[in-house]
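First comes the structure, then the notes that go with it.
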Amino acid sequence: MTAILKFENLAKSWFGVPAVSEVNLSVEEGTLLGLIGQNGAGKSTLMNMLGGVVQPSSGGMEWRGQPYSPSGPADARKSGIGFIHQELNLFTNLSIAENLFVDGFPRKRGFLDKTTMHDRARGILSRLSLDLDPKVLVGQLSPGERQLVEIGKALHHEASLIIFDEPTTSLTPREVNRLFDTIAALRKDGSTIIYISHILGDVMRLADHVAVMRDGRLVDDGNAADFTISRMIRSMIGRDLSGYYPPRSCTPGERAILELEGVSQPGVIEDVSLTIRQREVLGLFGLMGAGRTELARVIFGLDPHASGAIKIDGQGIAAKAKGRIASGLAFVTENRREEGLMLDASISDNLALVALESFGRGPLGVVEEESLATRAAEVRSELQIKAGNIATQPVKALSGGNQQKVVIGKWKMREPRLFILDEPTRGVDVGAKYEIYTLIDQLAASGGAVLFISSELEEVMGMADRIIVMNRGEVVGEIARPDFEKEKILAMAFKEEPA
Amino acid sequence: MMLKKKSLTDLFLQNATYVMFGAVVLYFGVQQTSFLMPDSMANIVKQASFIGIAAIGMTFVLLTAGIDLSVGSVMYVAPLIAGLLMQALDLPPTMGLFIAIAVGGVLGALNAFFIVVLRIVPFIATLSSLFLFRGFGTWLTSSKQFDFADEFRAFGLSSLFHIPLPIWMFALVLILAHYMLSHTGFGRQVYALGNSQEGARKAGLKTASIQARCYMMCSACAALSGYMLISQIGRLDAGFGEGSEFDVIAAAVLGGVSLFGGVGSVFNAAVGAILIQTVKLGLVFTGVNLYAQPIMQGFIIFLAVLVDGIRDKRTTALLKRTIRPIQ
Amino acid sequence: MMATQITSLNRRFTNIFLSDYFVLYMSLAYVIVLAPFLPTLLTPQNLSNVLSNTWPLLVVAIGQTFVLAVAGIDLSQGAVIGLTSILCAMLIAVTGNPNVLSNAPIWGLVINEDGGFLNGLPLAVPLAIIVTLFVAAGVGALNGIAVAVMGMPAFMTTLVMMLIVSALAIYLPLSENINQLPDSYVALGKGDIVSVYFGTKSESQISRRVIYSLFTYPMLISMTVAFSAHVLLNRTVFGRQVLAVGANRRASEISGVPVTRIIILVFVISAVCAGLASVLYSGRLEAGRPTLGAGTFLLDVIGAAVIGGTSLFGGKAKIKWTFFGVLFFVLLSNTLNLMNLTAFVVDMVKGGVILSAALLDVLRTKLLRERTT
């Protein structure tokens, strides 16, 4: 066996924050490497470097014994590396065959050679044991079939190494089995595979070799035979970070602020019931695609729910986001650039957005600039937003942490009862993270409640009074602070029994 | 294969053109039975061929989710330049035809330059070229009427096997464009680009060149359309083609080509053009006030754009990612 | 050393380029450069003419500014001007001419030999203006609903609306003008409040040619509109929300901004401004004319708004910018006319100006982005 791929001291940092540091790893030809780690452990960045999506900051790669530094995805593709992203890149208005050949159609006398194209597509589809007519539009395929078409693209480009990034997220069990059959067939043909997944059982079943990443480093790797699920979980969990989180200054009261009873929405969430009490920080943990954000959007009224009830203070709640804001809900989304901020606008304008209407006076709604500015200044100092002149400085000139504080601040302007914080520390440096944790504690201590959504287990454990774990749109477990145990929570989230 | 269950609404949205077509023919037929006679039907197809040719070109641009508002001016200025050259060099009308198409291609390249290179929003870029091109044309003629040679008109009114030349041209362009869109790599890439520009770029397609060729195609078709239409009259007034962009865009959208890109075919555009012409002629047949006719046409276009908007909203909703399988 | 000097020079230049007053400077520079070649440019008569062309256009462009602020566009304003011009005129005409209008669908319904429907009533003019503004608002609301609720692209919706509305405006009087409007209405379009006399004082008879309007009713009206619009856009909750929707629609939605309502309202404002401007235009013309806002008028409006600095991408708009943009555009048209250029050359130049305005917008946005990152 020879190493087909080698990472040598490979590292990548974003604006000085390391995402991948000093990874040394080799992948042998014809094997399947299972790559695991928590969200933000650096798996995606590592794979993006391999796929030519991202350029490394230092270190290098070796592909088939030659130095390898792809300048872009097309370059990687040419070298024989196929990358199947979680978000598929297919054209729904084209046929399967056309999707396979879109960047280089077979031609005959200038025209598209449909016969050849369909024959070759049929060949690829049969390798995937996908019994479909290549003329069928991709828009008519199920998610599982689309996934296979994407694999077909890699086959068409004669990829000898295929990267799968969370391929099973939206597949039914039957489709998953078919995918695994396909992977087995690919291996028989000699392809090398890197398989990224949160479903540890699948990794155990498929992999020859397992590599575990944490905080951008490769922390454990070895033959799959030597791994158990509990070793995987243990390796993924980092050092203990007690003292890294501020002490909680309040305890939950009895009164329920938000209640969900059997809330369902087909394809998104299923039978979710939960209660958040006064002065409580409720942690909501789950892996990518567990339905956390989707649940948050339903609670906030941005997406509908088909059945079940949502109550605030024991009362029914308005159907739309606007009404729910009025009854005291606030939502800091995971996506602050697209959904949270007006990047070109000033800090003041951003802070003012939610509370604006309550500062309008008279029939015209003339903004009371002075009281608005006073309130904004208050919020700014409460949240310790580090900026120059908040009336003129645009938000995009702030650091990630301060931008996040502006998003929290715009809700704080109204003093809401319940804060839904979705990944509030994403893209925020370590120092600012601590400040945000302190803020979370303050928000709860001041009499409100916080629904703290995160895929970083340590921070949920560090801040929450109680944790609810989700998997595939369902609540799969609930655990109170005294019983917090990483293995147990992760096992719930992975839906595996710890051995 | 999992086929999505289609609701009645979706079925209607997908076939809105034909529903509308049926309703229109039925309505005018009931009002005036002579409307259903073969003669008037043949007349409709002939009249539709001019807008139809331009609408086929417009389909290329619409498929990329772009728009071209300058077609009316191209219909005016490209044949004009061809006419001037024919006059100066004493060229036959067939040569003029190729000159007009070539001039159209150049004007389209100019639009493409604004849009692809300077990155100006397509509707603003082509709105300005609408005035630029027409201004250029009126400058050439000093806004006087331009008379073509007699042989030009004879060429335009000629027919082959009792079928008038414009219909032949319409059919030829239709078939060529259809082949281009469904049987060449370029054509399929146009659809890919319209489905997702970002995706097309990721897949390594040359998006700029694809877009540019679509705008050139559009203007070339508009030029041909203008040339054929003028050949029916034999002269060119300063106001020729003004407002034609409406009819052209409307024909395509009415036929089912989406303004949001990636959806529709040249046959849609052709059907749309015939539908528009049916309405126009029907309004004349039923004696609706000349001034009231554009209002009716406007409403029909409005309906078409509305249907397109709703259809797009629904497909976007259908494509929303699910995190658990819907059983 | 050299390099830093260049960058500081660069910065100075970009500062001027990005300043609120860039277009004003540009207009002044333009006048200074052209004045020696066009002796008539700075004559009181011409300046008074420039001003009188500025006022109605300003009103329309202000309406457009609101729509551009939410990243929309309104191409139907010109058609609305035509329709409201006709509607208002047929309501208040002092007499109707049967030779011209007797075939029109409105003849006998709202207008006949005895004038318009409201002719003779004490408050005919204000009443008619209110009615037509309501009609304009209705057109705007339709645009807004189509865009905000039905998800139709703004430029297509308003393009189709332009087609329908202008066809309706032509249909109502069968493309004839409606003349014989009351004096009070005409005054709104060109009545002087203060005029300036440049002749010699000893002349007993002041000939009409040397009186130049300085303060006029159109000026009063459009300055009032501009001031109110400025307050509305910059000082009120509504205005802030308009800019927010343009800056980031999704973030605004999540923050509880009533996005749908805002979008509908800006289209209403745009149409109402067009309706108001039609009063100024038709008053000046002393007639209601169905094709009043047809043709290249659209270019003047969008060109003026965008060249002023309002972004086609939304979120950036100031009434002040629009004012300078309108001034520049009017000066441009005026000088082109003074140069005795033909209408089509003027159209070509205007087409080019729109293109440069759009380019300027792309450039400005890029510069602003680079500057803070």
Side-chain angles (χ1 to χ4, degrees), chain B residues 65 67 69-70 73 114 118-143 238 242-243 245-247 249-250 253 259-260 289-314 316, chain C residues 73 75 79 103-105 142 146-147 149-157 159-175 290 294-296 298-299 302-303 306 312-313 341-359 361-363 365-366:
Chain B
I67 192 108
L69 298 178
S70 69
S73 299
F114 296 147
L118 300 183
R119 302 194 166 278
I120 296 174
V121 203
F123 85 87
I124 287 283
T126 53
L127 185 68
S128 352
S129 54
L130 184 161
F131 291 99
L132 285 174
F133 296 166
R134 187 163 292 277
F136 181 63
T138 29
W139 176 68
L140 283 177
T141 57
S142 323
S143 58
E242 233 164 21
E245 59 276 0
F246 283 115
D247 286 343
I249 296 168
V253 176
L259 286 166
F260 302 93
N289 186 311
L290 197 66
Y291 288 101
Q293 289 175 12
I295 307 176
M296 311 273 227
Q297 288 166 28
F299 270 112
I300 290 175
I301 303 170
F302 186 83
L303 264 178
V305 179
L306 179 69
V307 166
D308 185 38
I310 297 173
R311 193 171 39 200
D312 184 70
K313 258 192 154 178
R314 286 185 76 95
T316 317
Chain C
I73 192 146
L75 305 178
N103 285 325
L142 272 177
V147 171
V149 184
M150 317 283 191
M152 291 159 63
F155 81 91
M156 201 63 211
T157 307
L159 199 63
V160 176
M161 193 56 87
M162 166 178 125
L163 189 68
I164 297 175
V165 171
S166 60
L168 187 65
I170 291 173
Y171 171 62
L172 291 178
L174 292 187
S175 104
T296 59
L298 188 72
L299 284 189
I302 294 166
V306 175
L312 284 166
F313 306 108
L341 296 175
T342 38
F344 47 83
V345 176
V346 174
D347 284 358
M348 268 180 84
V349 172
K350 282 183 181 171
V353 168
I354 290 258
L355 261 182
S356 4
L359 253 179
D361 183 26
V362 172
L363 207 65
T365 314
K366 217 178 117 191

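Chain A is the first sequence line, chain B the second, and so forth, proteins listed ahead of strands; every chain is numbered from 1.
- In this structure, no portion of B:Leu130 lies under 4.5 Å from any heavy atom of chain C.
- For C:Ile302, the part lying near chain B is the side chain, with the backbone staying farther off; criterion is any non-hydrogen pair under 4.5 Å.
- The side-chain heavy atoms of C:Leu312 and B:Ile120, taken from C-beta on, include no pair separated by under 4.5 Å.
- Heavy-atom distances place the backbone of C:Val149, and not its side chain, under 4.5 Å from chain B.
- Between B:Leu306 and C:Thr157, every side-chain heavy-atom pair lies at or beyond the 4.5 Å cut-off.
- Between B:Phe302 and C:Ala146, the shortest heavy-atom distance links the atoms CZ-CB, 4.2 Å.
- For the pair C:Val160 and B:Gly298, the tightest heavy-atom approach, listed with the atom from each and the gap, is CG1-O, 3.6 Å.
- Only the side chain of C:Met156 comes within contact range of chain B, judged by heavy atoms closer than 4.5 Å.
- Heavy atoms closer than 4.5 Å to chain C are found in the side chain of B:Ile249, but not in its backbone.
- Here the shortest heavy-atom pairing between B:Phe246 and C:Met162 reads CZ-CE, 3.6 Å.
- Both the backbone and the side chain of B:Val305 come within less than 4.5 Å of a heavy atom in chain C.
- In terms of heavy-atom proximity, C:Ile164 sits nearest to B:Phe299 at CD1-N, 3.7 Å.
- Contact of the B:Ile67 side chain with the C:Phe155 side chain is registered, since non-hydrogen atoms from C-beta on lie closer than 4.5 Å.
- For chain C, no part of B:Phe133 is nearby; none of its heavy atoms comes within less than 4.5 Å.
- With a threshold of 4.5 angstrom between heavy atoms, B:Phe114 approaches chain C through side-chain atoms but not through N, CA, C or O.
- With a 4.5 Å cut-off on non-hydrogen atoms, B:Leu259 touches chain C through its side chain but not through its backbone.
- Using a 4.5 Å cut-off between heavy atoms, C:Leu363 makes no contact with chain B at all.
- Looking at B:Phe260 and C:Pro153, their side chains come closer than 4.5 Å, going by heavy atoms from C-beta outward.
- Using a 4.5 Å heavy-atom threshold, the side chains of B:Ile124 and C:Ile73 count as touching.
- In terms of heavy-atom proximity, C:Gly352 sits nearest to B:Leu132 at N-CD2, 3.8 Å.
- B:Pro294 and C:Ala167 make their closest contact through CB-CB, 3.6 Å (heavy atoms, listed as atom of the first residue, atom of the second, distance).
- Contact annotation: the side chain of B:Phe131 never approaches that of C:Met348 to less than 4.5 Å [non-hydrogen atoms, C-beta and beyond].
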